[in-house]
Amino acid sequence: MEKAYNHLNSEAEIYKAWEASGAMRADETSDKPPFTIPLPPPNVTGELHLGHAAMLAIQDILTRYKKMQGHEVLWLPGTDHAAIATENVVIKHHGKKSREEWPSREDFMVDAKAFADEKHDNIVNQMKRMGSWLDWSREAYTFDEPRNFAVNRIFKDLYKDGLIERGYRLINWSVGAQSVLSDDELEYEDVKEPFYYIKCGKFIMGTVRPETKCADSPLIVHPDEDYVEITSDELRMTNDDSLIVIKRLWDDKEKFFKTLNFLDPEADYKVLSTTKGADLVGQKFTAETYAGPRDFFVIADTVIDPEKGSGAMTISASHSADDYDLAKRLGLTDFFIQKIDFEGNMTDVAGPVAGMFVKKARNVSGKLMEEKGLLVGKDDNYEHRVPLCYRSNCVVEPMISPQWFIMVEKEYTHPVDGKTTLKAQMQAAVRGFEGEDPAVQIIPERFNKEYFRWIDNLQDWCISRQIWWGHRIPVWYDEQQNIHLAEEQEIIFARHGESEGNRDGKVQGQDDPLTEKGRAHAEDMVDVLKSENVGVIVTGTSARNTETADIMAAGLGVEVVHIEELSSYDTKEVAGMTIDDIGRVAAIKYCKENGKGEDFDAFVARLKVGLEKLKKVRSNGKIVFVTNRSIYSVLQVLRDGGATDEIFEKRSKNSHLPHGIIDRWSIFQAPEGENLRQDEDTLDTWFSSALWPFSTLGWPDENAPDFQKFYNNAVNGQGTDVLETGWDILFFWVARMIMFGRYATNKFPFHTVYLHGMVTDEHGKKMSKSKGNGINPIEMIEEFGADPVRLALVIGSTPGQKIPIGANKIKGYRNFVNKLWNATRFVGMQSADPETGLCKRAIPTRPVSDNLSLTDQWILSRLSTVAAEVKTSLEAYDISTAGDKIYHFVWGEFCDWYLEASKVEPNLEVLRYTLAEILKLTHPLCPFITQQCWQELFSDSLIIEESFPAASFVNESAVAQFSTVQNIVGAIRTMRAEKNLNPKDKVAAGIKTDEAHVKAAAELIKVLGNLSALEVSASAKTPDNSATTLVDNLEIFVDIPFDEAAETARIAKLKAELEKKIAGLKGRLSNPSYTEKAPPALVAQTKAQLEQAESELQKLN
RNA sequence: GAGCGAUUAGCUCAGUUGGCUAGAGCAUCUGGUUUACACCCAGGAGGUCGCGGGUUCGAAUCCCUCAUCGCUCACCA
């Protein structure tokens, strides 16, 4: 073994070995209780950051722990297509400004997909470097075929239940991204902008957006407030000769002139009349605006805040969320006039500023009003917050536009919950249904409040986005704008029967016909399918497929469609190799590598085209597709995504498919009809993310083995187990998974939500590029190793609180990992054969010797206790405490005491056993070093397949007795240090006791205390001039020439402490309310302490 | 403006339903290269638990006020 652990060599090798072992694959047929964690899929084009690293560390720890506890664990990986973010990156990557620069939408999608595919391996490899025990065989992608199918299915279901609607609504429009944004995608910024008070006839209204005051008609006043009409000579010179303002403002002259600061405070004002707001209602007038004269009418509503502004406002319903709600409430929907277009320019209604960008129009319209004498006040220091697009960081304009929405408050009938709403279901998840406990627990609990605050205020979710990179809305329109949903089609895969060529291990060719038995297979399939509504039979063009199809078509009375691309291929060149030996697809690969037969990539490309054609086959029933197993294998890979060579090879090896019906797929296809046009929009990226926990397990096929096994947790039978993520996406993602999960699967998608905090630098500051305090986890892994990075991320952090981390902290845990390495090295040296120097590797079994020393009993007991504590902590998701316990047990007890003791009184059996148990205990936190040490000393097996340590050696008295030994050694060391004794110098010491365990430990104390001699006896006499002290009521002396004054001072200090303690204890006991009210056990304890302290004090005197 | 969180050693943080002398890591100080480990060992110093009240036999812990910092949400025509 190397003197220092070299993580760089180890980690890559170990991860490879894990992958090669096949043990990372979860077994859906297992009898073990399932434990499932869906990995929050990182952006496929992203880079691993410390947030990901924290997430991976926490989830990996849970995964490994649960696996060692005997669960069938599935931690399911994947990536996210991250719609808006990725689309922007792709555009930038190609050096373009907008997607419109591509020749077509299809071209853009090809480039975007290529980019995503290329980036995919990067993030995946980075995830692996953290040591993540992920089931890569089940890797999913939010934008692959199965996920697209799930998206289409739930869209269709929701639409049919009336929970998805298309409508004109006010939405947040990002001018920069040219797309709608959900409320949660907005970021707010404080800005200072001029606030204008504008005349509207005699009325005055205030606004920060004068450019929108060009085409309004309703003017609102407060019904219960008094309004005064005032005039003055100055006012007579303007267009109107009087002003109407709310009386409250007029009564407060200081505020009045401060607000309407264009009016002359010195002028002579007269009040013409006072009127209730309600009595102004119905007034109609024509007034000048910056864009020319306009007709207005007065209405009243209590929305007006009498303390603010002039007491009147007009509403710009098309460009303000509040105004929109108000206009709808007041039935003013005729006044939704578009003043700003989707490029952010003013429309024609804006007259003189039409065509100008909003910001410019704002200044210009302000100036125009001033010139026209319409401006009566302006506040240049007005501060407010404006929404910005979180992606393009540019202005967000509220706009009215046709969009798709999920109706969260609409009632529908759910198969389990009955009449309900999506919102009610989301609330019930965490609050519990009437009379029931909540199905979902959020850790930390305080986020329940956050969750409810969000859910309770939840509005319909706008799910359409005007971008290309995403799941396209599965809706088509005809010329009358009627809606047509995508159609679902079932494809039944049938494998043709035995053919002539497939005999005696020979390889069959394109033209080999069916055998008699093969024909019989075809007849059998007819029988199976007779009861099903089959519309069409599809086949390639090879002889046996055609023949099978013809027999079936005749039997079922349906037509046959041939698709050339789905035909078989020529493998004659692979003579000499049997199909079952190598598999069909592997055979093609072999041809490719050896320059024979059809090129593998060309083969796959051909089948892709065929698959698309297959999806477009029209049928008034199910489609049967007759094929062979190799084509089927490839199509399956194409459908499931992640089409790598390894996956092809893996699939092809599963080549023992029976003849007959082998699979059924459902697909969505465009609805049938003339001149149908698909909706241009795509779905919000969170729509597909919201399906993640179950779309990755086979849903909507609820009979899928994965869904049955892993979407049925052992805790409360809901979906998966734990959803662990950052709290910042509690609403975006977690809440929506809860919503879709309950809706679609009748279960909540997980029983526990664990929210970790934001990773910050070591001073708790946000990491940012501009501050330069960012830490790249990959660099840290390179420098220190993955295990220390994991420890640094999970120890010393609390759920939901920020996770401060710096190189120093990681370095500290690197030292721990190295300590573990060296402990292993020491044990290895102890167990090495003295002659050969080699160490026999064997997995230690539980020590059976009945001749255990106190030290052995102590370490075994402590091991047991710590294992139990770690288990308790991990079960409660308290990883920090678990890590801390392990850290201190390994370093402070096993290394500092047991290893040192074993140099005096070796017990190899206990030593090896304890180390093995420690490695198991530490494995979930530090997978690499523990695996490496395991291999060095014990076995080539995977340590993760061992059982997690259980408490089986608890021995309280041994622990107490050894604790006395530790205290004695500590006291001796302290006295030595106080006397500045060189560690090399040995001295004599004595302990005045006849206690057997102290006597038994004498040799150990002698070595650890670095003593020349040790007398343990009740009758031991303290030599003159030696230092004394008390430990656990035992008198100890160390024969060190001492300085009288210092020794007296030390004893005095000891005495003072004891006296203080005694006084405190006595005080407590003399308080009758303490002895009466405190728990009796506590009082007894206090008494015992007092006795002990008094006895100690006596000995000192 | 509202809500949430934080405030404990120089720094970063633990501290369970209120109960033993309030702990850890890093930093610091003293002494040490004794064949597992200087990525180390041994020992020490360092805290009025943000302030002020209250409840209690007993408060870092529960309640109230205030202060400071952080986060989130909502906005005023």
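The sequence lines fix the lettering, A, B, ..., with proteins before strands; numbering per chain opens at 1.
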Legend entry - Aromatic A:Phe784 / basic A:Arg814 pairing, under 6.0 angstrom, 45° off normal: no
Inset, instruction - Send over the distance from A:Leu1065 CG to B:G19 P, rounded to a whole Å. - result: 17 Å
Legend entry - Separation of atom CZ in A:Phe731 from atom P in B:C4, rounded to whole Å: 14 Å
Legend entry - Sugar-phosphate only, base, or nothing, as touched by A:Arg976 at under 4.0 Å among non-hydrogen atoms: nothing
Under 3.5 Å between N/O atoms: give me all the protein pairs with nucleotides 27-31 of chain B, atom names plus distance.
none

Inset, instruction - Please examine the side chains of A:Gln830 and A:Val827, heavy atoms only from C-beta on, and report whether any two atoms are closer than 4.5 Å. - result: no
Inset, instruction - Assign a letter to each nucleotide of nucleotides 5-15 of chain B from its 5' end: B, base within under 4.0 Å of a protein heavy atom; S, sugar-phosphate only; -, no contact. - result: SS----SSSS-
Inset, instruction - Show the numbers, then the answer: is there a side-chain contact (heavy atoms from CB on, under 4.5 Å) between A:Ile198 and A:Ile204? - result: CA-CA 5 Å; A:Ile198 303 161; A:Ile204 300 168; over 6 Å; no
Inset, instruction - Could you tell me the separation between the CD atom of A:Glu445 and the P atom of B:U16, rounded to a whole number of Å? - result: 16 Å
Inset, instruction - Would you please indicate if the ring centroids of A:Tyr887 and A:Tyr813 are separated by under 6.0 Å? - result: yes
Legend entry - Base paired to B:C26 (Watson-Crick or G-U; both N/O distances under 3.5 angstrom): B:G10
Inset, instruction - Evaluate the ring planes of A:Tyr898 and A:Phe894, with Trp represented by its six-membered ring, and classify them as parallel (under 30°), tilted (30 to 60°) or perpendicular (over 60°). - result: parallel
Legend entry - Test item: A:Ile299 and A:Leu219 side chains (from C-beta on) under 4.5 Å apart, heavy atoms: no
Legend entry - Complementary nucleotide of B:A38, counting Watson-Crick and G-U pairs under 3.5 Å: none
Legend entry - Side-chain-base donor-acceptor pair under 3.5 Å for A:Gln1089 and B:C20: yes
Legend entry - Between B:A77 (C1') and A:Tyr227 (OH): distance, integer Å: 11 Å
Inset, instruction - In whole angstrom, give me the gap between the C1' atoms of B:A60 and B:G50. - result: 12 Å
Legend entry - Pairing of A:Asp216 and A:Lys213 as salt bridge, 4.0 angstrom limit: yes
Inset, instruction - For A:Phe195, answer base if it contacts any base atom (sugar-phosphate contacts may also be present), sugar-phosphate if it contacts only those atoms, and nothing otherwise; contact means non-hydrogen atoms under 4.0 Å. - result: sugar-phosphate
Inset, instruction - Hunt down the Watson-Crick or G-U wobble partner of B:U16, both distances under 3.5 Å, from any strand shown, or write none. - result: none
Legend entry - Integer angstrom distance from the P of B:G54 to that of B:U8: 24 Å
Inset, instruction - With C1' as the reference atom in both, quote the distance from B:U17 to B:C4 in angstrom, rounded to an integer. - result: 24 Å
Legend entry - Rounded distance in Å between the P positions of B:C13 and B:A6: 12 Å
Legend entry - Atom P, compared across B:G31 and B:G15: separation rounded to whole Å: 37 Å
Legend entry - A:Leu730 CG - B:C4 C1' separation (whole Å): 13 Å
Legend entry - Nucleotide B:U72, atom P - distance to CZ of A:Phe732 in whole Å: 11 Å
Legend entry - A:Glu1094 with A:Lys1066: basic N within carboxylate O range, under 4.0 Å: yes
Inset, instruction - Report yes if the side chains of A:Val753 and A:Ile443 come closer than 4.5 Å at any heavy-atom pair, otherwise no. - result: no
Inset, instruction - Using both distances under 3.5 Å as the test, list the Watson-Crick or G-U wobble partner of B:C49, or none. - result: none
Legend entry - Partner nucleotide of B:C69 by Watson-Crick or wobble geometry (both distances under 3.5 Å): B:G5
Legend entry - Rounded distance in Å between the P positions of B:U12 and B:C69: 16 Å
Legend entry - B:U33 pairs with, by Watson-Crick or G-U criteria that keep both distances under 3.5 Å: none
Inset, instruction - Measure from CD1 on A:Ile443 to P on B:U16 and round the result to the nearest Å. - result: 17 Å
Inset, instruction - Taking the side chain as every heavy atom from C-beta outward, state whether A:Ser365 and A:Tyr290 have any atom pair closer than 4.5 Å. - result: yes
Legend entry - Sequence-aligned protein contact record of nucleotides 33-45 of chain B, with B where the base is within under 4.0 Å of a protein heavy atom and S where only the sugar-phosphate is: ---BBSBSSSSS-
Legend entry - Side chains of A:Trp454 and A:Glu450 in contact at under 4.5 Å (non-hydrogen atoms): no
Inset, instruction - To the nearest Å, give me how far apart CG (A:Asn457) and C1' (B:C73) are. - result: 9 Å
Legend entry - Base-pairing assignment for B:A77 (Watson-Crick or G-U wobble, both under 3.5 Å): none
Legend entry - Opposite nucleotide pairing with B:U55, Watson-Crick or G-U, both atom distances under 3.5 Å: none
Inset, instruction - For B:U28 and B:G10, measure between their P atoms and round to the nearest Å. - result: 15 Å
Inset, instruction - With the side chain counted from C-beta on, respond yes when A:Leu243 and A:Lys202 share a heavy-atom pair under 4.5 Å apart, and no when they do not. - result: no
Legend entry - Residue mapping more 5' on RNA chain B - nearest nucleotide basis, A:Ile220 or A:Ser1073: A:Ser1073
Inset, instruction - Decide if atom NZ of A:Lys255 counts as having more than 12 heavy atoms of other residues, nucleotides or ligands within a radius under 6.0 Å. - result: yes
Legend entry - Sidechain N-carboxylate O distance under 4.0 Å for A:Glu762, A:Lys809: no
Legend entry - B:C41 versus B:A59 - spacing of their P atoms, nearest Å: 39 Å
